[in-house]
Every structure is written in structure tokens, then in C-alpha cells.
Amino acid sequence: MSPAPRVRIAPSPTGYFHLGTGRTALFNWLFARQLGGQFVLRIEDTDTSRNRPEHIEGILRALEWLGLDWDEGPFFQSQRGDLYTAAIQKLIDDGAVYACDCRPEAIQKRAKEAGRSGYDGHCRDLGKPMTVGHLLRFRVPPGESGFTDLIRKDVPSNNKDVEDFGVRKSNGDPLFILANVVDDADMRISHVIRGADHVSNTHKYVLLWRALGYGPEPVFAHLPLINNDQGRKLSKRKDKVAVEDYRDEGYLSEALRNYLALLGWSPGDDREKLTVEEMISEFRLEDVKSAPAKFDEKKLSSVNKQYILAMTPDELVERAQAWLRARWAPVAAETQERARTLAQVFTMTEFIYRPEPVLDAAAWNKESKKPGFAPSLQAAVAAFVEVEWDAASIEEALTAMAEALDVKIRDVQSPIRLAVMGGPVGLPLYQSLELLGRDRTLARLRVGLERLQAGPLSV
RNA sequence: GGCCCCAUCGUCUAGUGGCCUAGGACACUACCCUCUCAAGGUAGAGACACGGGUUCGAAUCCCGUUGGGGCUGCCA
């Protein structure tokens with residue numbers, strides 16, 4: 001009997017927890033739980049320029065919400081620099097890497113002219129100094145870099161199709177692939193279960209693994225991608241990809257988890273509503289399909305409905321209450337100053353937890369006739385795409401907007417308030433927008449602009 | 001362009017050579033139930049991308065074509 005597996009989920013703190021990451025985490029977790037293995041959480045935050053500490057909290061909460069508890073970690077790559085430095089030093093000592101200072105444009109140009117992809121090894125034998133200031137590239141040896149994949153059978157590869165990839169940035173920081181391999185070795189990861197978008201990285205991974213002398217490689221499993229209804233990969237801009245968005249809209253974590261499990265996997269019969277226990281005992285990596293799946297929110301909502309239906313009324317009250325509490329607790333103090341009754345507490349905060357704001361038709365008709373209305377909304381859309389998303393920055397942006405449009409700040413505020421919050425009065429705008437989030441705010445502003453075309457509303 | 005991958009109803013899937021006149025679920029249509037809406041019930045429409053093989057027999061195996069996707073960053 002093989003030893004208990006060690007698997008990991010290695011998200012990077014980019015600001016939200018991707019649905020695909022959620023599914024990857026789930027499959028890793030199911031695999032570990034079934035076989036009594038360990039599920040390790042590692043935060044891949046080597047990119048110091050993008051690193052945002054506050055985003056880490058989001059990762060932990062999303063994982064907890066989905067009920068995926070980890071056994072070790074969170075580990076942070078940003079705190080493990082010595083390991084990477086040592087590994088890079090070994091590569092340098094072994095002559096496995098070389099320095100490169102080609103410009104990206106030049107690399108692309110040469111690749112295009114040569115009719116191939118990636119880097120062409122231009123600096124391979126130029127003996128440039130391997131000091132900080134130069135990118136360090138791995139000298140891909142001749143041979144094969146195939147690997148075992150539990151889902152897409154064995155993946156072959158000829159090294160001539162693998163470019164000399166970078167392992168250390170010119171600023172001295174390790175690159176993803178290096179840190180990834182070093183950590184998997186250090187954490188004794190036995191199975192690398194990740195998205196299919198990583199297959200080409202995996203060839204580089206095994207090459208690096210061997211060069212570092214780590215012994216037997218892990219087994220790989222590349223999960224099919226989750227695509228949007230266009231069949232393209234889910235995009236942050238166009239699609240709702242964050243796990244927390246679904247949570248905030250009132251999907252139950254067990255329903256989302258159940259639905260995600262069924263994307264690429266099935267228990268082999270007609271059952272669709274599965275308990276975690278059933279998933280744990282029946283899940284098989286080998287049964288995961290290798291074809292990508294489209295994410296269908298209609299189906300998700302149907303699964304969600306099934307879970308709601310299965311509750312007792314008391315349970316439903318509990319769950320709905322907890323959900324609501326989490327939604328409006330952040331504005332509780334602001335609400336307190338304004339609400340005269342408990343009922344008002346809810347009407348004042350509706351804009352947060354409803355999918356659409358409840359529009360005050362009379363106020364809308366009155367305000368939207370003003371000439372500054374549409375320009376304000378348009379300017380807000382333009383400004384909000386760029387701005388840092390916190391109350392102070394939003395205030396700053398609106399002040400600048402008002403100046404640019406040469407109007408008072410309240411004249412740009414009220415169209416925005418109406419479009420986003422639904423009415424002319426209510427909680428302070430900047431905090432409300434911050435809380436609502438950039439995406440939902442922008443969506444509502446755009447809806448508002450469309451609604452203008454339709455003319456006055458019936459009161 | 002280069003490298004790689006994928007291919008069953010609109011969508012998620014069952015199916016691993018005969019049990020398939022291809023099953024389920026979502027969505028859709030009709031009817032029943034019903035104060036509305038849900039929920040539930042019944043019925044319906046709806047797929048093996050195409051072309052060649054292999055085989056007594058192919059959704060299942062092989063080849064090609066077509067279509068789709070991923071990767072192609074000093075991001076991860």
C-alpha cells in the first residue's frame with residue numbers, strides 16, 4: 001500500500017479566490033481526505049510588486065467557507081527566500097542556468113521570424129555575469145520531459161519544444177516555476193493536482209526537479225478548465241469568477257461545493273446531490289474527465305435550490321440570518337445613526353444584499369432629467385475602473401471629477417447614489433461603494449446609463 | 001505562427017466493444033395539481049462533429065478531417 005499522499009493548494013494573492021482555484025482545492029482536499037493524506041496550503045506570493053497582504057485573508061476565508069480545512073500552513077513563499085536562493089545557487093554551480101538580458105520585444109520578434117514559440121536561447125553561450133541585474137534562464141537539456149498524469153494519461157514531450165525558461169528575475173526574486181518546484185520538494189508533495197493551464201509548465205517543472213536532484217517526481221493530475229458560456233476561460237473582467245461573489249449573492253457553500261465537484265467528475269450514476277462524505281469516499285482522480293466544462297449558473301442555482309429545499313424552516317432562518325448579518329454588519333454603526341426602527345435597518349442596507357438596488361422611481365425621474373446626470377455616471381465609470389477601491393480614494397476621485405466637470409461634488413454624487421444605491425438618501429456614499437465592491441458598483445452604473453435610454457420610469 | 005490538449009442533447013454528464021430504438025440532471029415546451037409563485041407529477045422536443053478503417057458487432061479501438069480550447073511573460 002502506498003503511503004498517504006501529500007497534496008497542496010497554492011493560490012496567489014491576486015485579490016479574489018477564483019472558482020477554478022476553488023475546484024482545484026476541492027479535488028485536492030477530497031483526494032487527501034479519502035486516503036488519509038495531508039492537504040497543505042501554500043501562498044505563492046513571490047511577486048512582490050503584486051503582493052497584497054489583505055488578499056491573503058480572502059483566500060483563507062474562501063477556503064474555510066467552502067469547508068476545505070488544511071492540515072499544514074499557510075506557508076508563504078515570501079518568507080522562504082533562503083530555500084530558493086540555495087536552489088538557484090546549486091543551479092549556478094552546476095552550470096544549469098545562464099544569464100540573459102534580451103529584451104522581451106526582441107525575443108518575440110526572433111520567435112516570430114523563426115516560426116517557433118518562446119525564447120530561442122540567444123544568450124546561452126554568451127557567458128553573461130550571473131549577478132542580480134540579469135535574468136537567469138534554465139539551460140534546457142536535450143531529451144524528454146514527459147510525465148505521468150492521472151487524468152490525461154501520460155503526457156510526452158520532446159525538450160526541443162521547451163524553451164529556456166527563467167528561474168530568477170533580474171531583481172533577484174525567484175520566478176514561479178522555481179519556487180513551485182523547490183517548495184513541492186521541500187514539502188514532500190506526492191501529487192500535484194492543478195489546472196490544465198499548467199501542463200506546459202509541468203514539462204519545465206520536471207526538468208527543474210531533475211536538475212535539482214530531488215529524486216522521484218510527484219504524480220501529476222491536470223484538471224480540465226472551467227470555461228464561461230462562450231467556452232473561453234473564465235475572465236475576471238467579463239465573468240463572475242470569484243468564489244466570494246457567489247457567497248455574497250446567497251449561494252450556499254455546500255451547494256457550490258457540490259456543483260463544483262460535478263464539473264469534470266461524476267460518481268458514475270445518476271446521483272447529483274452528494275454529501276461531502278459521499279464525495280470523499282467515492283472521488284477518484286482517474287475518473288475526472290479531461291475535457292473542459294462550461295460553468296452554468298442556472299444549474300448551480302438549481303442545486304442551491306435543492307439544498308434550500310432540504311433544510312428545515314429553522315435551519316433556513318439560521319442560514320439566512322447569518323448571511324444577512326455578514327452583509328450588513330460592516331455598516332451597522334452608520335445605520336445606527338440613521339435608523340429609527342428595526343425595519344429601517346433593513347431598508348437602508350438593502351442595496352448591499354439585493355442583486356439590484358430598489359429604485360426610487362420618482363427620484364430617478366426627477367434627477368435623471370438634469371443635464372449633468374449622464375455625464376456624471378459616465379465619468380464615474382471611467383474613474384472607478386482605475387481608482388484604488390477604498391472610501392478615501394473614491395472620495396478623491398469624485399472630488400476630481402466634480403472639478404473636471406465644473407460642478408459641486410453633490411451634483412456628481414447624487415446620480416451615482418441613485419444608480420448604485422437606488423434612492424436619493426441613505427448611508428454615506430463612499431463607504432457604501434467600497435463595501436459594495438468595484439465590480440458591482442460599475443455594473444450598476446452601467447445599468448443606470450442603459451436605463452436612461454429607456455426614458456422616464458412609471459411611478 | 002509554434003507546441004500541446006479536447007470532442008455524447010443548448011449546458012453538466014452516464015457510457016470503457018454487444019445490456020444503447022444512447023440514461024439522468026439543468027434549461028425549454030405542454031398538461032396535471034394549485035388563490036399567485038415555487039415545489040411536485042406526467043408527457044415532449046433535444047446528442048454520439050464528419051470521413052475512413054479494425055471487428056460478427058462500435059458512442060466506445062485506430063487513422064485522417066473539421067471544430068473548439070490551453071500555453072506561447074523577468075504573472076502565478
Side-chain angles (χ1 to χ4, degrees), chain A residues 10-15 18 20-21 42-51 77 99-105 107-108 111-120 132-137 145-146 149 151-153 155-163 165-180 194-204 222-234 258-273 286-306 308-310:
Chain A
S12 61
T14 51
H18 196 281
T21 312
R42 181 173 79 222
I43 309 292
E44 305 222 321
D45 54 354
T46 50
D47 188 348
T48 43
S49 64
R50 293 199 202 187
N51 207 355
Q77 289 191 325
C100 168
D101 57 3
C102 291
R103 317 233 2 122
E105 312 83 65
I107 297 173
Q108 263 201 356
K112 198 169 181 183
E113 283 165 1
R116 71 194 303 283
S117 68
Y119 183 65
D120 61 357
V132 170
H134 285 312
L135 170 72
L136 251 38
R137 287 186 183 275
S145 54
D149 192 307
I151 294 172
R152 33 185 67 209
K153 69 204 174 199
V155 183
S157 172
N158 191 316
N159 290 357
K160 73 173 168 48
D161 296 322
V162 182
E163 64 173 328
F165 53 92
V167 296
R168 189 185 71 183
K169 301 184 200 182
S170 57
N171 71 2
D173 286 343
L175 247 358
F176 154 76
I177 190 79
L178 188 278
N180 197 247
R194 63 202 327 191
D197 49 340
H198 280 295
V199 293
S200 59
N201 283 328
T202 301
H203 297 292
K204 301 172 182 174
H222 289 96
L223 271 20
L225 262 18
I226 300 175
N227 290 335
N228 62 19
D229 51 8
Q230 310 289 314
R232 302 291 171 73
K233 89 175 182 169
L234 288 171
N258 194 149
Y259 176 68
L260 250 19
L262 263 19
L263 249 28
W265 178 76
S266 118
D269 54 32
D270 293 339
R271 283 171 303 149
E272 292 205 326
K273 190 160 177 282
E286 291 82 351
D287 291 342
V288 174
K289 298 218 321 173
S290 54
K294 291 178 186 171
F295 189 88
D296 181 7
E297 191 173 352
K298 286 224 179 76
K299 177 85 181 192
L300 202 216
S301 71
S302 161
V303 172
N304 206 52
K305 174 73 186 166
Q306 292 307 311
I308 286 178
L309 219 42

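In what follows, every chain begins at residue 1, and chains take the letters A, B, ... in the order their sequences are listed.
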Base partner of B:rG1, which must satisfy Watson-Crick or wobble distances under 3.5 Å: B:rU72
Does A:D287 reach the main-chain N or O of A:S266 with its side chain, forming a donor-acceptor pair under 3.5 Å? no
Could you work out the separation of B:rA58 and B:rG51 based on their P atoms and round it to a whole Å? 14 Å
Distance check needed: B:rG73 C1' versus A:R103 CZ, whole Å only. 14 Å
Atom-pair distance (CG on A:N228; C1' on B:rC12), nearest Å: 15 Å
Taking the six-membered ring where the residue is Trp, are the ring centres of A:H198 and A:F176 under 6.0 Å apart? yes
Between the main-chain N or O of A:N171 and the side-chain N or O of A:R168, is there a donor-acceptor pair closer than 3.5 Å? no
Under 4.0 Å, counting only non-hydrogen atoms across every strand here, what does A:H134 touch: a base, just sugar-phosphate, or nothing? nothing
Report yes or no: does A:D197 contribute a side-chain atom to a donor-acceptor pair with the main-chain N or O of A:L225 at less than 3.5 Å? no
Please find the pair of heavy atoms, one from A:L260 and one from A:I226, that lie closest to each other, and give the distance. CD1-CD1, 4.5 Å
Measure from the side chain of A:A293, starting at C-beta and using heavy atoms only, and say which of B:rA76, B:rG2, B:rU13 lies closest. B:rU13
Nearest to the side chain of A:E272, which nucleotide is it out of B:rG1, B:rG24, B:rC26? B:rG24
Go nucleotide by nucleotide along RNA chain B from the 5' end; which of A:F295 and A:L300 gets its closest nucleotide reached first? A:F295
Please confirm whether any donor atom in the side chain of A:S170 sits under 3.5 Å from an acceptor in the base of B:rC74, or the reverse. yes
Heavy atoms only, 4.0 Å cut-off, all strands: where does A:K112 land among base, sugar-phosphate and nothing? nothing
Both distances below 3.5 Å, Watson-Crick or wobble geometry, any strand: find the nucleotide opposite B:rU36. none
With a non-hydrogen cut-off below 4.0 angstrom, is A:S301 in contact with a base, only sugar-phosphate, or nothing? nothing
Determine the contact category for A:S200: base if any of its heavy atoms lies under 4.0 Å from a base atom, sugar-phosphate if only primed atoms, P, OP1 or OP2 are that close, otherwise nothing. sugar-phosphate
Which pair of heavy atoms, one from A:L135 and one from A:G166, lies closest together, and at what distance? CD1-CA, 4.2 Å
Quick one: which of B:rC12, B:rA14, B:rC75 gets closest to the side chain of A:L175? B:rC75
Would you say the base of B:rA27 and the side-chain of A:K299 have a donor-acceptor pair closer than 3.5 Å? no
Counting the atoms with a prime plus P, OP1 and OP2 as sugar-phosphate, which does A:R271 contact under 4.0 Å by heavy atoms, base, sugar-phosphate, or nothing? nothing
Does A:K294 place a side-chain N or O at less than 4.0 Å from the phosphate oxygens OP1/OP2 of B:rC26? no
When both distances are under 3.5 Å in a Watson-Crick or G-U wobble arrangement, the nucleotide paired with B:rC19 is none
Describe the nucleic acid contact of A:R232 in one word from base, sugar-phosphate, nothing, applying a heavy-atom distance below 4.0 Å. sugar-phosphate
Over all strands shown, is A:G118 touching base, sugar-phosphate only, or nothing at heavy-atom distances under 4.0 angstrom? sugar-phosphate
B:rG51 pairs with, by Watson-Crick or G-U criteria that keep both distances under 3.5 Å: B:rC63
With both distances under 3.5 Å as the test, what is the Watson-Crick or G-U wobble partner of B:rA43? B:rU29
In whole Å, what is the span from the CG atom of A:N201 to the P atom of B:rC4? 16 Å
Using whole Å, what does the distance between atom C1' of nucleotide B:rC37 and atom CG of A:L309 come to? 14 Å
Among B:rC75, B:rA14, B:rA27, find the nucleotide with the atom closest to the side chain of A:K169. B:rC75
Sticking with atom C1', work out how far B:rA76 lies from B:rC71, rounded to a whole angstrom. 13 Å
Atom P, compared across B:rC33 and B:rA45: separation rounded to whole Å: 23 Å
Is A:G195 touching bases, backbone alone, or none of the nucleic acid, heavy atoms closer than 4.0 Å? nothing
Under 4.0 Å, counting only non-hydrogen atoms across every strand here, what does A:R152 touch: a base, just sugar-phosphate, or nothing? sugar-phosphate
Go nucleotide by nucleotide along RNA chain B from the 5' end; which of A:R116 and A:C102 gets its closest nucleotide reached first? A:R116
